[in-house]
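Notes follow the structure.
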Amino acid sequence: MMTVPGADGCDQLVDDGGDATILIHKGKEFEDKYAKDGSLPDPASTTNAEFKCILQLLKDSIPLDKTKYSRMALRCKGVSEETTTGVLRLRAMAVKGELLFPAINVNDCVTKSKFDNVYGCRHSLPDSIMRATDVMIGGKRALVCGYGDVGKGCAFALRGAGARVLITEIDPINALQACMEGFQVVTMEDCVHEIDIFTSATGNFKIITLEHMKKMKNNAIVCNIGHFDNEIDMEDLEQFPGMTVENIKPQVDRFVFPKGNGVIVLASGRLVNLGCATGHPSFVMSCSFTNQVLAQLDLLKNWRETKAYKNDVYLLPKHLDEKVALLHLPALRAHLTTLSQEQADYIGVKVNGPFKNDTYRY
């Protein structure tokens, strides 16, 4: 896994969800343990399916090459991370002093989070629900769990399709934003029995639980666009005694409880826009991937020239974020107004930007 012919590993990583980064870090960690006491990772020690795969891979790999991931960690000079979940993992490692190389947080670049997460999901959520179910969204009651950037895009899309949209939130600021946009903020327990379409969009786990799904109306649609499949408690749902599964078509399953009522789960609880559709449109992904390219170039410059980054998590500089936007405007036939020098001096910026400080909230 991740083997580079003729080298110990890659110079730099482009990661999505933090999986490659975790593999290198956990690989080095367990290689160190193996060198100390001969112990190997135990895949049975976790119930998380993805992490179980990582532990199994390392259990098989370490006896064959005892320093593979240690050499790989030494070789790697940095990572650029695409997702909210991946960035949370990187920050957790950085806080503990465990991060082995610098990381650039692409997810929180404005031209990623406010475009991919908002506008990409606004397009691809209804696309995936309609491809999977052919259900008419208009008139349905839809619950969006989480009103971050992803949740905002989902909520606006569902409302635009005619659904009556409710929101669950833990953050009072996000909840207030939802209220000011006209959405009703509720708890899952308040409304679980009357919702037609459930969408999790939090990046957390156990958002839609087995107990919730037991209480749902018959044939409620359940999907996830947040991140890993554990936003929906698929493990407990699949293992529930007496559960039967009707595969309606690829990526669309009806889980039928012993009493006869069922829920329709899309993409096995994984990202519905990838499982049931084709993901985000290429234009919005171009914004994200342009950020990734600029981040990779920034990391390259750092380890070859500036040596400015420590083993921590960094944002791309504002002028590069603005450059991403500038590169995409011609495709939309947009024409920018240019400041005069006098106007630029008046508000304390350069004529060509950056136009906002790092604390500005778009």
Side-chain angles (χ1 to χ4, degrees), residues 1-5 8-10 12-35 37-73 75-76 79-93 96 98-101 103 107 200 202-210 223-240 245 247 250-251 253 255 265-276 279:
M1 180 66 71
M2 295 176 61
T3 301
V4 178
D8 287 330
C10 60
Q12 298 177 190
L13 278 176
V14 177
D15 211 351
D16 189 318
D19 298 312
T21 307
I22 284 178
L23 180 60
I24 291 176
H25 282 71
K26 287 297 177 182
K28 183 180 185 306
E29 177 186 328
F30 283 109
E31 284 174 354
D32 290 345
K33 288 183 179 179
Y34 185 77
D37 57 22
S39 63
L40 288 168
D42 179 13
S45 64
T46 180
T47 58
N48 182 282
E50 283 81 9
F51 193 50
K52 191 182 292 286
C53 289
I54 288 175
L55 295 183
Q56 185 64 55
L57 176 67
L58 294 175
K59 182 180 180 180
D60 296 339
S61 169
I62 290 172
L64 300 176
D65 187 342
K66 302 176 182 58
T67 62
K68 175 179 178 177
Y69 292 99
S70 299
R71 299 194 311 272
M72 198 176 289
R75 171 90 178 181
C76 187
V79 59
S80 55
E81 170 56 47
E82 177 83 3
T83 67
T84 304
T85 302
V87 169
L88 290 173
R89 288 172 165 177
L90 288 170
R91 284 178 173 157
M93 287 190 284
K96 295 176 183 177
E98 297 173 353
L99 192 59
L100 299 174
F101 35 74
N107 179 73
S200 62
T202 69
N204 209 328
F205 78 130
K206 295 185 178 179
I207 302 303
I208 300 176
T209 67
L210 175 63
C223 65
N224 166 48
I225 198 170
H227 206 60
F228 300 118
D229 60 335
N230 57 5
E231 292 217 18
I232 302 169
D233 191 359
M234 293 301 299
E235 184 178 5
D236 285 349
L237 181 67
E238 291 165 350
Q239 296 176 2
F240 186 73
V245 182
N247 179 246
Q251 303 287 349
D253 298 294
F255 286 78
V265 179
L266 307 185
S268 300
R270 293 180 171 84
L271 287 172
V272 68
N273 57 335
L274 296 180
C276 296

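- Judged by distance alone, the side chains of Q251 and S268 never bring a donor and an acceptor atom under 3.5 Å apart.
- The OG atom of S61 sits 5.0 Å away from atom NZ of K68, with the distance rounded to the nearest 0.5 Å.
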Show your working on side chain to side chain contact (heavy atoms under 4.5 Å, CB included) between L90 and V79 and close with a plain yes or no.
CA-CA 10 Å; L90 288 170; V79 59; 4.3 Å; yes

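- Checking D15 against T21 by side-chain atom types alone, a donor-acceptor pair falls below 3.5 Å.
- Scored by the side-chain contact (heavy atoms from CB on, under 4.5 Å) test, L58 finds L23, K26, F30, P41, I54, I62, Y69 as partners (sequence neighbours excluded).
- We find that D42 and K59 are not joined by a salt bridge, their nearest charged nitrogen and carboxylate oxygen being 4.0 Å or further apart.
- Taking 4.0 Å as the cut-off between side-chain N and carboxylate O, K206 and D236 do not count as a salt-bridged pair.
- The environment of F205 atom CZ is sparse: at most 12 non-hydrogen atoms of other residues, nucleotides or ligands sit within 6.0 angstrom.
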Please determine whether side chain to side chain contact (heavy atoms under 4.5 Å, CB included) holds for the pair R89 and T84, giving the CA-CA distance in whole Å, both sets of side-chain angles, and the decisive distance to 0.1 Å.
CA-CA 9 Å; R89 288 172 165 177; T84 304; over 6 Å; no

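- A salt bridge is defined here as a Lys NZ or Arg NE, NH1 or NH2 lying under 4.0 Å from an Asp or Glu carboxylate O, and K28 with D32 meets this definition.
- For the 3.5 Å distance criterion, the side chains of D233 and T209 fail to qualify, holding no donor opposite an acceptor.
- Under the 3.5 Å distance criterion, with hydrogens and angles disregarded, no donor-acceptor pair is assigned to the side chains of E31 and T67.
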